[in-house]
2 protein chains.
Amino acid sequence: MQHPFDAAIALTPLPGDAGHRGATSPAYANMVGPFGGVTAATLLQAALVHPARLGEPIALTVNFAAALAEGGFEVIARPVRSNRSTQHWLIELSQGGETAATASAVFALRRETWSSAEAQMPAEVPSAASLAPARARFGAPAWVQRYDMRFVDGGMPEAFDGREQPASQSRLWLRDEPPRPLDFASLAAICDSFFPRIFLRRRQLAPIGTVTLTTYFHADAALLAAQGERPVLGCARGVNFRNGYFDQSAEVWSDAGQLLASTHQMVYFKG
Amino acid sequence: MQHPFDAAIALTPLPGDAGHRGATSPAYANMVGPFGGVTAATLLQAALVHPARLGEPIALTVNFAAALAEGGFEVIARPVRSNRSTQHWLIELSQGGETAATASAVFALRRETWSSAEAQMPAEVPSAASLAPARARFGAPAWVQRYDMRFVDGGMPEAFDGREQPASQSRLWLRDEPPRPLDFASLAAICDSFFPRIFLRRRQLAPIGTVTLTTYFHADAALLAAQGERPVLGCARGVNFRNGYFDQSAEVWSDAGQLLASTHQMVYFKG
């Protein structure tokens, strides 16, 4: 049986060079439109399945230009420059003839080189097995149930009481639900799974929407395969909130302490 | 007299909807091709001068697809989606008919809202006036002389002796040289002015090249105008170095302690 994530990012080739057709998935529905992480993964997928693809993703930037409506859409991925070891992509998702999201991606053939972590996985974090999975709240969008999330700290506030907090760090173990071996597409989606930092800071709900999301892939396919279905550790925090926009940054770690991805986004909020 | 930065990012309209023509500037030459910060600023400039522009930049991602040769190039900026308060752009720079760089940008009309810094400017940093400007090294590329840089810590190593360091933080005051009032274009360039973190970590030189650069603008035009020509504080650090690529993140602060921009890049290195 196909995993709901694979069903959600599935692409059907269109005739000629017209790209692919996909459709939103109710299993990953958000408050309005689909979960942005799945949209990001679908855009990346269009390059991953392209016959001209070189190597593996190094970087992905997705710009969410409009809320997607439920239903079908078209995705076209175009390699705009292929060098000896790097390849640059532009990817566009449209619905009803209008651009709804754009992405750029850098792919590369990696070689083994001197390597060194500078950022470190947080020390002394309890294991995923020792933590209880977060329960989905009444009214939570469907996509939240597609992840097993176990918070070390910075869970969704118990009450939205408007008591402002000085910091918005979350640390959590998470994996696809049901379990699914980690790959570039699912990692891209996980990088958008950290709920908006402003909910932690303000302890009040407000309309928000990610306008742009950038993910850097530090893992190659072998490192992702080694991670398998086990939970990864996500660490997210807000940076600055000002006049309608805030940015948040996060890292995703393997359970062996290797950085799999670093990710950043700029989010609109109604204040 | 025109400031060399304005000369470097100057664009001449091409007939019809064919975009603009620009040219590399010897004043901002890098080891190979022009300083990437000026390329980023030029791509942003193509949207800034576009008659359909809405509001001010919120985010800019530049993908450096190939080294630019000295000489002329074409830039075309296309608003792919204009909403009530946000606008999404795709921008492409080509040389000799081939794509050399692409960019996406989000522009927005900002409103006054609840605002709050989460990241804080480093406390107890000596003032720019109390520090000596870094002297350009023999063999340093021309663009380095277009900035007055005063390092608090993490300056370019005195010797490239291969003694590996555990961290790569740099903190420095910097401004255009000669002084120039800060605006979105010059801030975009400043965000690419932090020398590659790997030089600090390894204390050895190696071929490197930024493949993608993302900048989030927290400042609006009024905040930039208030900063004027005075130096800003840049704080940069490496995140992870692995198999040919590393990422670095930085913040740029006003001298009054407000975050003007946060910026991230993924860099190729030969190891």
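Naming: A, B, ... by sequence-line order, numbering from 1 per chain. This one's a predicted model, so the numbers in the text were calculated from it and none came from an experiment.
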So which of [options] has the largest heavy-atom pair count under 4.5 angstrom toward chain B?
options: A:V106, A:L259, A:N63; answer: A:N63
options: A:Q120, A:R197, A:E92, A:R110; answer: A:R110
options: A:S168, A:A108, A:A219, A:A66; answer: A:S168
options: A:T86, A:V211, A:L109, A:I58; answer: A:I58

Option that, when pairs with chain A are counted at under 4.5 Å, heavy atom only, ranks first among [options]:
options: B:Q265, B:Q258, B:K270; answer: B:Q265
options: B:A117, B:A103, B:A100; answer: B:A117
options: B:R111, B:E112, B:E164; answer: B:R111
options: B:G238, B:S82, B:A105, B:G271; answer: B:G238

Supply the atom-to-atom distance [X] [atom1] to [Y] [atom2], rounded to the nearest 0.5 angstrom.
X: A:S262; Y: B:Q248; atom1: OG; atom2: CD; result: 11.5 Å
X: A:T263; Y: B:H264; atom1: OG1; atom2: NE2; result: 9.0 Å
X: A:L213; Y: B:T214; atom1: CG; atom2: OG1; result: 9.5 Å
X: B:L90; Y: A:T102; atom1: CG; atom2: OG1; result: 5.0 Å

Taking all non-hydrogen atoms of both residues into account, name the closest pair between [X] and [Y] and its distance.
X: A:Y245; Y: B:S85; answer: OH-O, 4.4 Å
X: A:A65; Y: B:N83; answer: O-ND2, 2.7 Å
X: B:N243; Y: A:S115; answer: N-OG, 3.0 Å

What part of [X] is in contact with chain B, defined as an atom under 4.5 angstrom from a non-hydrogen atom: side chain, backbone, both or neither?
X: A:S249; value: side chain
X: A:L60; value: neither
X: A:Q165; value: neither

- [ ] Inspect the surroundings of CG in B:D17 and state if more than 12 heavy atoms from other residues, nucleotides or ligands are less than 6.0 Å away.
- [x] no
Task: Side-chain donor/acceptor of A:S116 to backbone N/O of B:F241, under 3.5 Å - done: no
Open item on the list: I'd like to know if the side chain of A:D247 and the backbone of B:Y216 have a donor-acceptor N/O pair within less than 3.5 Å.
Closed with: no
TODO: State, yes or no, whether a side-chain contact exists between B:N240 and A:E251 at a heavy-atom distance under 4.5 Å.
DONE: no
TODO: Please report the C-alpha distance between B:T61 and A:S104 in whole Å, then the side-chain angles of each, then the deciding distance to 0.1 Å, and finally whether the side chain to side chain contact (heavy atoms under 4.5 Å, CB included) criterion is met.
DONE: CA-CA 9 Å; B:T61 292; A:S104 61; 4.3 Å; yes
- [ ] Mind telling me whether B:F269 and A:W114 have parallel, tilted or perpendicular rings, with 30° and 60° as the class edges?
- [x] perpendicular
Open item on the list: Using the salt bridge (charged side-chain N to carboxylate O under 4.0 Å, His left out) definition, which of the options B:R202, B:R201, B:R237, B:R242 pairs with A:E118?
Closed with: B:R201
